[in-house]
Amino acid sequence: MRVAEITKIVVPASVAFGVAWLLFSQPAPEGDGCSRRDAFKFTTTKGIEISSTAIGCKPDSLSLITAMLNSPDLREVIVEKVQAQQRFVVLQDPSWVGTLGAVLCPEYSTTVLMADKPRVARECAARTVPSQLRRLAKDQLVPFHTVSELKSMGVPKSSDRPASRRANGCKGKAGLHEKYVRVSNPDDSQRYVDVYVSGSYKCDSAGSYPDLQLNAADALEVVIGPAVPNKLTAVIIVEQDPPKR
């Protein structure tokens, strides 16, 4: 399976010119003056004009393919025609994600005998591309990076404070109510606390409420200082999966 940017498809020259032959009525004619040409112009069967740089008497294949892909009217056509001849995917097309596992590890499927699955799984995971993808996921590197948000944290008055490892949060679509989150210090990721947002409060539009309210002791695990913060404090919020039971 080939992976390509939409404007940087890597295919054999024969395929590139084969596609061009299918799409264009005829190439620019060769003649005595062709060696002096610095550009070729093609007209598609739909009357669309495409320009390509030249190498001697022939168009440059990469320039030709790039020019065709840059045309909104031709991009979809050329991708479909090349896909029919060469097994490759376009990175901007999400449909390839579902077939990735089957392409990288075709022998690891439901048809494999249970006794053979451990061996087949190890062999697949040891291959270059699967092993590098697994390493990225394990290390939470792009595109498997942790998605976080900069939010505000506060500590309410004693009567409204949540219990240890609990928190209060806004209800609603953008709120954190009933979610498990990690609250960490923006300047020191080692200072954090994991809490369940069990309590809630009504947030106003003026922004006077924080995104999250913590217990005083939990807040001091995140914020550096001798006393509980008495104003809204910026923190990093990362949603967590519920604990396994």
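In this chain, numbering begins with 1 at the start of the sequence shown. Here the structure is a predicted model, which means the values were calculated and not measured.
Under a hydrophobic-cluster definition in which Ile, Leu, Val, Met, Phe, Trp and Tyr are linked whenever side-chain heavy atoms come within less than 4.5 Å, directly or via other members, Ile236 and Val197 are assigned to different clusters. Tyr196 and Val193 are not part of a single hydrophobic cluster, where members link through side-chain heavy atoms under 4.5 Å apart. Note on Trp96: it clusters hydrophobically with Leu104, by side-chain heavy-atom contacts below 4.5 Å among ILVMFWY residues. Val183 and Leu150 are members of different hydrophobic clusters when ILVMFWY side chains are connected at heavy-atom separations under 4.5 Å.
The environment of Tyr192 atom OH is sparse: at most 12 non-hydrogen atoms of other residues, nucleotides or ligands sit within 6.0 angstrom.
Note that CD of Gln213 and CG of Leu232 are 9.5 Å apart. Values are rounded to the nearest 0.5 Å. With rounding to the nearest 0.5 Å, the separation of CG in Leu176 from SG in Cys170 is 7.5 Å. Atom CE of Met153 sits about 11.0 Å away from atom CG of Asp211, to the nearest 0.5 Å. Thr128 contributes atom OG1, which lies 11.0 Å from atom CG of Leu133 (distance to the nearest 0.5 angstrom).
A donor-acceptor contact shorter than 3.5 Å is absent between the side chain of Arg166 and the backbone of Gly199. Looking at Asn185, its side chain does come within 3.5 Å of a backbone N or O of Val222 through a donor-acceptor pair. A distance-only check finds no donor-acceptor pair linking the side chain of Thr99 to the backbone of Val97 [under 3.5 Å]. With hydrogens and angles ignored, the 3.5 Å screen pairs no side-chain donor or acceptor of Asp218 with any backbone N or O of Ser164. Side chain of Arg182 to backbone of Asp194: no donor-acceptor contact under 3.5 angstrom is found.
Nearest heavy atoms, Ser184 versus Ser189: CB-O, 4.4 Å. In terms of heavy atoms, Ala121 sits closest to Tyr108 at CB-CE1, 3.7 Å. Here the closest non-hydrogen pair linking Ala125 and Ser131 is O-CB, 3.1 Å. For the pair Pro130 and Cys105, the tightest heavy-atom approach, listed with the atom from each and the gap, is CG-SG, 4.3 Å. Among all heavy-atom pairs drawn from Ser152 and Val235, the shortest one is C-CG2, 4.3 Å. The two atoms that bring Arg135 and Leu141 nearest to each other are NH1-CD1, 3.9 Å, heavy atoms only.
A salt bridge between Glu123 and Arg127 is absent, with no side-chain N of the basic residue lying under 4.0 Å from a carboxylate O of the acidic one. The pair Arg165-Glu221 counts as a salt bridge, with a side-chain nitrogen and a carboxylate oxygen less than 4.0 angstrom apart. Between Lys179 and Glu149, no side-chain nitrogen of the basic residue sits less than 4.0 Å from a carboxylate oxygen of the acidic one, so the salt-bridge criterion is not met.
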Evaluate the side chain to side chain contact (heavy atoms under 4.5 Å, CB included) criterion for residues Arg191 and Ile224: first the C-alpha distance (whole Å), next the side-chain angles of each, then the deciding distance (0.1 Å), finally the verdict. CA-CA 9 Å; Arg191 297 187 66 90; Ile224 301 174; 3.4 Å; yes
Under the side chain to side chain contact (heavy atoms under 4.5 Å, CB included) criterion, do Leu220 and Val228 qualify, and how do the steps go? CA-CA 6 Å; Leu220 286 175; Val228 175; 4.1 Å; yes
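The shortest side-chain heavy-atom distance between Pro156 and Pro210 does not fall under the 4.5 Å cut-off.
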